[in-house]
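Notes follow once the structure below has been shown.
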4 protein chains.
Amino acid sequence: MAILEDPIKGMPTALNYVDGEWVESKGEHIDVVNPTTHEPIGRVGISTKEEIDDAVKSAQEAFPDWRRTPAVSRARYLFRLAQLLEENFEELSRVQTQEHGKTIDESRGETRRGIENVEVACGIPTMMMGDSSEDIASGIDEYLIRVPLGTFGIIGPYNFPFMIPLWSAPYAVATGNTVVVKPSSEVPFSQTKITELVEEAGFPPGVWNVVHGGRTVVGGMLEHPDIEGITFVGSTPVMQDVIYPGCGKTGKRCIAQGGAANIITIMPDCNVKATIPGLLTSFFGNAGQRCLAGQTLVIVDDKGDFYKDFVEKLSVAAKSIVIGYGLNESVQMGPVRDAKKKENILKYIEIGIHEGATLTVDGRKAEKIVGDYPDTCFLGPTVMENVSRDMRIVREEIFGPTMGIIRVKDLDTAIEICNESPYHNGHAIFTQNGAYARKFQYDVISGNVGINIGIVAPMAFYPFSGMRGSFMGILHTQGKEAVRFFTESKVCIHRWL
Amino acid sequence: MAILEDPIKGMPTALNYVDGEWVESKGEHIDVVNPTTHEPIGRVGISTKEEIDDAVKSAQEAFPDWRRTPAVSRARYLFRLAQLLEENFEELSRVQTQEHGKTIDESRGETRRGIENVEVACGIPTMMMGDSSEDIASGIDEYLIRVPLGTFGIIGPYNFPFMIPLWSAPYAVATGNTVVVKPSSEVPFSQTKITELVEEAGFPPGVWNVVHGGRTVVGGMLEHPDIEGITFVGSTPVMQDVIYPGCGKTGKRCIAQGGAANIITIMPDCNVKATIPGLLTSFFGNAGQRCLAGQTLVIVDDKGDFYKDFVEKLSVAAKSIVIGYGLNESVQMGPVRDAKKKENILKYIEIGIHEGATLTVDGRKAEKIVGDYPDTCFLGPTVMENVSRDMRIVREEIFGPTMGIIRVKDLDTAIEICNESPYHNGHAIFTQNGAYARKFQYDVISGNVGINIGIVAPMAFYPFSGMRGSFMGILHTQGKEAVRFFTESKVCIHRWL
Amino acid sequence: MAILEDPIKGMPTALNYVDGEWVESKGEHIDVVNPTTHEPIGRVGISTKEEIDDAVKSAQEAFPDWRRTPAVSRARYLFRLAQLLEENFEELSRVQTQEHGKTIDESRGETRRGIENVEVACGIPTMMMGDSSEDIASGIDEYLIRVPLGTFGIIGPYNFPFMIPLWSAPYAVATGNTVVVKPSSEVPFSQTKITELVEEAGFPPGVWNVVHGGRTVVGGMLEHPDIEGITFVGSTPVMQDVIYPGCGKTGKRCIAQGGAANIITIMPDCNVKATIPGLLTSFFGNAGQRCLAGQTLVIVDDKGDFYKDFVEKLSVAAKSIVIGYGLNESVQMGPVRDAKKKENILKYIEIGIHEGATLTVDGRKAEKIVGDYPDTCFLGPTVMENVSRDMRIVREEIFGPTMGIIRVKDLDTAIEICNESPYHNGHAIFTQNGAYARKFQYDVISGNVGINIGIVAPMAFYPFSGMRGSFMGILHTQGKEAVRFFTESKVCIHRWL
Amino acid sequence: MAILEDPIKGMPTALNYVDGEWVESKGEHIDVVNPTTHEPIGRVGISTKEEIDDAVKSAQEAFPDWRRTPAVSRARYLFRLAQLLEENFEELSRVQTQEHGKTIDESRGETRRGIENVEVACGIPTMMMGDSSEDIASGIDEYLIRVPLGTFGIIGPYNFPFMIPLWSAPYAVATGNTVVVKPSSEVPFSQTKITELVEEAGFPPGVWNVVHGGRTVVGGMLEHPDIEGITFVGSTPVMQDVIYPGCGKTGKRCIAQGGAANIITIMPDCNVKATIPGLLTSFFGNAGQRCLAGQTLVIVDDKGDFYKDFVEKLSVAAKSIVIGYGLNESVQMGPVRDAKKKENILKYIEIGIHEGATLTVDGRKAEKIVGDYPDTCFLGPTVMENVSRDMRIVREEIFGPTMGIIRVKDLDTAIEICNESPYHNGHAIFTQNGAYARKFQYDVISGNVGINIGIVAPMAFYPFSGMRGSFMGILHTQGKEAVRFFTESKVCIHRWL
């Protein structure tokens, strides 16, 4: 195995963590490959049905005592975890860059947002309060108490290996449940690192388990009668065909977050200078592998002059993005996660061309790569013009550093294009005009709506919303809604005779 | 058709109400039979797939304007509806008694609770508020806005023909959605009456639709891509096998409330005099057809003296219950809904006897019937002793006026019996002791917990909770949770450049 | 006494309502004068110390039973009251016009907003919920219950005789308190009419009392040991010198809303056509006697062209306002409340002139008066230019149909002018630009902030906020905050041994 | 100055902390005396009017930037502070024991509760959320934003030198305000220690200031126009005569918590074994210097046998309490704060005797003192029988380790005695019976109500309530209410033209 300059410390194999013990999976092991160097940086086991069952059993057994631990005491574990995450901030960020490929600053952003969720969950004594009413009838009182349910499964995606399980897990354990986390097997080390700190924070064995793997683990969770519910972030097909119906079939509660193909509307009155950097981050940040990334840019310009000038500036800026190993502080964009994903993105660019789009900036072969790395997973920013609203590159999720641009005559048309998309995660508008912004916000179908914000990521104390093809369920991860999701109400009616 | 002394006025056929028009179903029509007189009192159509599709279409078309109607204006329709329901209080109650069989006082209670839900939904301007945060980062604000989703399906059961759809529909329309209500085809007139008042209150066409029928309508709702979600109250098998997986498969949100087999624990320190009437209402009220009815009585008495005395008093009281036509104010118990349901209850009594239970009060043939009615649907209160915790009459839902009694040595055992039940809707304890009550409340698995309350029905401003075999979903009907269920969050992030 | 074409029915003397009885005050009686016709339309007694004491005693005696009435039952009285107010909508509005002078449409707006507060208070079962926490330590639960306090005094002003006491009274009684309302003795009939409907709604005697009068009644409330708190809307000097220190001295809780001198900022990018009507309503509506009325207009225009054009259009529009008896549907502005108030406004116009302002529209003598009425209380709209930020007509409250215009070079200056005012009730900005609006909203000191809204009146489910010279206290009237104000928390900690 | 075995480190003089600098007061300096050793352990300055003015100025100047710091960033300072407090847990506790006299375990409890308040305030991003409503009318949205006000004064008492300012200060700064804390000059070191950690946590200069002193500082705060509000915990006379009217006069918002004379009711069915230790802690813990301490014990026993037995057991237990220097882990009760306070307590014992009470346990001279300390401030537990409800030792606050016992015939009488007290901070009942407990909870006037809890201290996430003579104001310290107290609502109405 090649030697990394900055290896992931002491964890060449991502172990499972079950019942407070680090356990090597008996399943097949696969390499974890750094997409920049394209060299393996460790290994991970694809856990078996028995291993997920063991983890659920451990979680089940830990539940009664953990539920009986007062919320204020459970919170104290989270305070310690937040502090440990803070102390390991840089190392945690480096691991993300190494296993996923994103730039170190993108990783730092991810680390920060992950920690913020732990911080919000520290507020559990306040957030878990129920209701009370004296005298619903003479002499009868009614109290609503929030109680945890048992064990939850948390399934993470590859694009935010650190942050996304933290949208759920801190709230699940804060409310008194126990969890089994399944990270993406492509990027298992971020969660492994978190789990080391979970252990250091002193959580009782069985409260917070991690099982690495793939479909077997997901299937094992879905079918397990002792899993009360699942939170999932991943692709829309898996959400629609596997997770949500799987939970329906087995009576589980579910939060399922799927894909996206977000559309950003530019009004000609926007602040161009401030807008362009926002768009670069939105479309090309995290190499476009973000469920809140922009994919299609709709420019409202009846005549075309503004359009022309704007796209020119945008293209110049896109071309100047520095690509390379994300650990290099000056690099602005890393590789996509792996060669297969790169192939899929390239396929979509070809589809776009085939459907009539033209390449204004051709990123099919990455240029401006800093450093001597194989280009296996690298792509440059791609900007396509002559895109029309019914093209597959608009309607389907590409999940790469591409931007398709449509010019339309008015805001109504722009909103129609947003609303006819199957995905409704995070549409945004750039304008200086309050009336345009309000009309957009009111009429657009979108779980998260940005006004001059390219990546509409809700803070940890707001629900990570989503609509239609981007979401299935009722409640959302993060904040107050996560607390509600992970609890059940016990309505107690007291009459003393 | 026989002439009723007090017929349901002007509505011999329960019509569908679609797009503001009363429409006769083209489907097969069946008789609605008064279970007391066992004579038909009207007819109802079993609507076709096309008819449910028409209703959804009408609801869809009404949605955009209704959503754009400010909440404070939508509330005003509900204020009018509440007032009209109040003005028609007695007639609405009589209809319930006629089509379902319950006593007029039970109907009045049901009417009252139904109206309370409309009243709570009148508070929608306050209840629908979202959140706001200034400066989530410098110069950036975040707002959460609650928006309606579209059209919802509301499926009601036969046992509370008036009240149960009102656990959902007022909140659905208050939040700006449109609804299609499917009442039980056995008892279609209560909802028809409500809908007449909905029309009188002036709701715009298409906002509140009613389609009578059975499985075809349910199936049509489940499969319809324009139904955003479903609330269902009915049997556990339908909940588990049809509704919840059906919603899972088609990506709908769902509140599904199923059956129950509630267990009531008696501690020897209870206030006997006040407890016994509470138990009679719990086990025999509404002829036991209540998902919060008691089915099993667990008496904690190590020695047996208290037990003996208590059961004797209870039996005397049970035997004295006056049975007959519920419109007669002196009657205390009406018939069960129909002969088939009576057969099923009788079957369970036989099962109990076969398993070793003994009949202390034998209600298989109703006595004390006031008036000259066929006994087709009548049963008397049945009390069974020598019941043990693993008998089918404890574990399965009977849904009739039966009480199985188990004697146990301590509270721990009583709680174990509650918790090993597949159902967890409304277990209760009768005691004067705070420590017993708190232990019971804390340890019992039950969505609703009663302390000296036999029917643990949450007020309209509390969620109608339920756990395990009695409930599938996350949020509940009634109050704040219903408002959350019928809305989605739109997280809006504002940055002005 | 002159005969009105449309007299206030059956209530030539505004009686006190104490303990469910209509009582004529033994105090001096004064005429209630219609400011349009300048003829008396009735009489009102200036109640004595004994009479306010009697009312408090009645309220005290009614309290224990009313507190014991479940919230859901108390709400039902409010539902009835809301309905009765709706049924008497037109008559209630006419009374306001007759006793206060405002136009019938302004009265209808006031009636509507008053009813909305009763409607919001109908949600009391939800709004009054407390909190609950299981296991604050092992085996110990904590519940917060909201309880009413006793008797509250509600003191109303003359400018919204109908609406303003309804910002408080419905919430006070909904929460289980009892009230004594003191309307302005200048306009006693609106509250008298409401009280007739309170009686018709069936509130128990002593729950809702009305005592007419002046300082004696206010003083009697302040000093009374059985008054738990006071809500007051009136002038800032009375708020600062009498009410708030009076409550401080006697340990009462207090919401005190004072005067205002609101400043409206116009940006040159505003939608002129839509802005001008908004300004007319803001400055001249209700004859300027509104604590949310605009008093100073700050136009941001570095060069002056926009300013010139805008003021010209505004002046033309101001001059065209039709003045007369508000019962005439075509009238757009009525008189001010009385001759003394007119004198005060005229005094301020003279002060303005003396300080250097020029009269662009001179309303000192009302023109365009429709009908044959004495001009005793009439004024026309006055527009003054060449106003500077330190003039008394900017800094002090005028409370009449006047507009002073300041031209400034930028938004920062406009905000400075707002913030140096002693009053901060409802400043507003008119612009199409989101960044201007956000900057204004963020930087301005103002309890209520309008973006393209001239009268920033919070809906009944929002607190009627205010800052600095416009408000003293913590919580506000209306909605959730009123519920909190009228209740106290009882924190109950349960441990069962 | 005598050398302590365990001196307060590095802080022989408690300095002021103003604008991020440690400043020695120019005022007179007085000794801080350890009440156990009766030797000085340091000195503290009695700050001047200029010094409090300087602190307010510093706080005022720090406000604009601090308000502009996002809540999520402000929270991070509090997370650091919580961690630092945790790391210094033992030292902080020792300081309390040294300057106040309480036992080290009592100090640890105080430290824990103080930290919990910092922890709760860490949840500020969630807790500070405002409301939002789309379409209050067509096209108009309403947002409520919570904003800080400026500078607050926080005045602490001597009995909980560490904890009580933390009921307010963390919330004040979390919400974006700046504070000036005035600790009791008798016990200045606990707050000084906290402030060292505030500095270490990196709060910007001027955000959190401390000014030691007495009446001059209090007066300076009350009169200062730039202090927006005050939280005070201290004696009822100061609350009623100085603080609340002072705030009323100068227009400040105020939370004022005063004295108490709590009454604990014993029902003959209580669990005697578990009740007695609870009572010892309640009456004699913290040497009785606790606003939630029991002062009067009401035993319900019609016949007297239970009474006799219970009091005997209680007296034996009271006599066995070990007294001494609180740093000794085996000591159960320390001295009272100073000789003057001891004199006052002795005076009340004499008054009791004079009024007819008899001394069952005479603690006037402390026995069982462990170690060789002057008895200057020591008292033993005193138990008085033959007490009647109108005695001064029942009605007035003693604030020492005394228990007066009244025997009554029924619960109604016990509740009457509670309710006729001028104080209503924390009455409690000991019983096993749910009906007794509910009756007590419902009928008693008390901000905090205990069921089998002797010291009814609300958790940090609940408001520290109080009623009548124990409290003046509306909102309370701690948790959500503190957040509301330290913010004002800005209601923003957006209409885009």
Side-chain angles (χ1 to χ4, degrees), chain A residues 131 133 136 140 142 144-145 149 229 240 244-251 253-254 270-271 273-275 278 428 430 432 434 437 441 444 446-453 456-459 461-465 467 472-476 480-481 484-485 488-497, chain B residues 131 133 136 140 142 144-145 149 229 240 244-251 253-254 270-271 273-275 278 428 430 432 434 437 441 444 446-453 456-459 461-465 467 472-476 480-481 484-485 488-497:
Chain A
D131 299 315
S133 299
I136 53 165
I140 306 182
E142 188 156 347
L144 184 153
I145 291 168
L149 287 116
Q240 283 179 336
Y244 201 72
C247 287
K249 206 171 154 192
T250 57
R253 53 182 65 188
C254 182
C270 77
N271 178 332
K273 203 173 160 183
T275 297
F430 283 75
Q432 296 190 54
Q441 174 176 306
V444 79
S446 189
N448 308 288
V449 179
I451 311 295
N452 298 307
I453 291 275
V456 202
M459 294 297 280
F461 38 103
Y462 275 82
F464 195 102
S465 302
M467 293 182 180
M472 293 176 113
I474 308 174
L475 296 164
H476 300 282
K480 294 189 283 187
E481 296 235 323
R484 177 58 190 87
F485 177 78
E488 186 49 276
S489 51
K490 209 178 217 182
V491 174
C492 304
I493 308 183
H494 290 197
R495 179 174 60 156
W496 290 103
L497 300 171
Chain B
D131 298 316
S133 300
I136 54 167
I140 306 181
E142 188 157 346
L144 184 152
I145 291 168
L149 287 115
Q240 284 179 336
Y244 201 71
C247 287
K249 206 171 154 193
T250 57
R253 52 181 66 187
C254 183
C270 77
N271 178 331
K273 203 173 158 184
T275 298
F430 283 74
Q432 296 189 55
Q441 175 175 306
V444 79
S446 189
N448 308 288
V449 179
I451 312 295
N452 298 308
I453 291 274
V456 201
M459 294 297 279
F461 39 104
Y462 275 82
F464 195 102
S465 302
M467 291 182 180
M472 293 177 112
I474 308 173
L475 296 164
H476 300 281
K480 294 188 284 186
E481 296 235 324
R484 177 59 191 88
F485 178 78
E488 185 49 276
S489 52
K490 209 178 218 182
V491 174
C492 303
I493 307 184
H494 290 198
R495 178 174 61 156
W496 290 105
L497 300 172

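Nothing here was measured: the structure is a model prediction, and the numbers come from that model. Residue numbers begin at 1 in each chain, while the letters A, B, ... track the order of the sequences. Reckoned from all heavy atoms, side chains included, excluding hydrogens, waters and symmetry mates.
Looking at B:A428, neither its backbone nor its side chain comes within 4.5 Å of chain A, counting heavy atoms on both sides. Contacts of B:F461 with chain A are made by side-chain atoms alone, with heavy-atom separations under 4.5 Å and no backbone atom involved.
With chain A as the partner, the residue from B:L144, B:T250, B:T275, B:I145 showing the most heavy-atom pairs under 4.5 Å is B:L144. Chain A forms more heavy-atom pairs under 4.5 Å with one residue of B:A274, B:G278, B:C270 than with any other, namely B:A274. For the options A:G447, A:G473, A:G450, heavy-atom pairs under 4.5 Å to chain B are most numerous at A:G447. Contact tally against chain B (heavy-atom pairs below 4.5 Å) for A:H494, A:K273, A:K249, A:K480: the top residue is A:H494. With chain B as the partner, the residue from A:M472, A:E488, A:Q432 showing the most heavy-atom pairs under 4.5 Å is A:E488. Comparing A:C247, A:P463, A:C254 by how many heavy-atom pairs each has under 4.5 Å with chain B, the most go to A:P463.
Contact of the B:S489 side chain with the A:H476 side chain is registered, since non-hydrogen atoms from C-beta on lie closer than 4.5 Å.
Note that CD1 of A:I451 is 6.5 Å distant from SG of B:C492, once rounded to the nearest 0.5 Å. Separating the CZ atom in A:R495 from the CD1 atom in B:I453 is a distance of 4.5 Å, to the nearest 0.5 Å. Of the inter-residue distances, the one linking B:E142 atom CD with A:N448 atom CG reads 8.5 Å to the nearest 0.5 angstrom.
Checked by atom type and distance alone, the side chain of B:N452 never pairs as donor or acceptor with a backbone atom of A:W496 at under 3.5 Å. Not one N or O on the side chain of B:R484 forms a donor-acceptor pair closer than 3.5 Å with the backbone of A:E481. A donor-acceptor pair is defined here as one N or O able to donate and one able to accept, closer than 3.5 Å; no such pair exists between the side chain of A:K490 and the backbone of B:V449. Proximity of a side-chain donor or acceptor of B:Y462 to a complementary backbone N or O of A:V491 within less than 3.5 Å is not detected.
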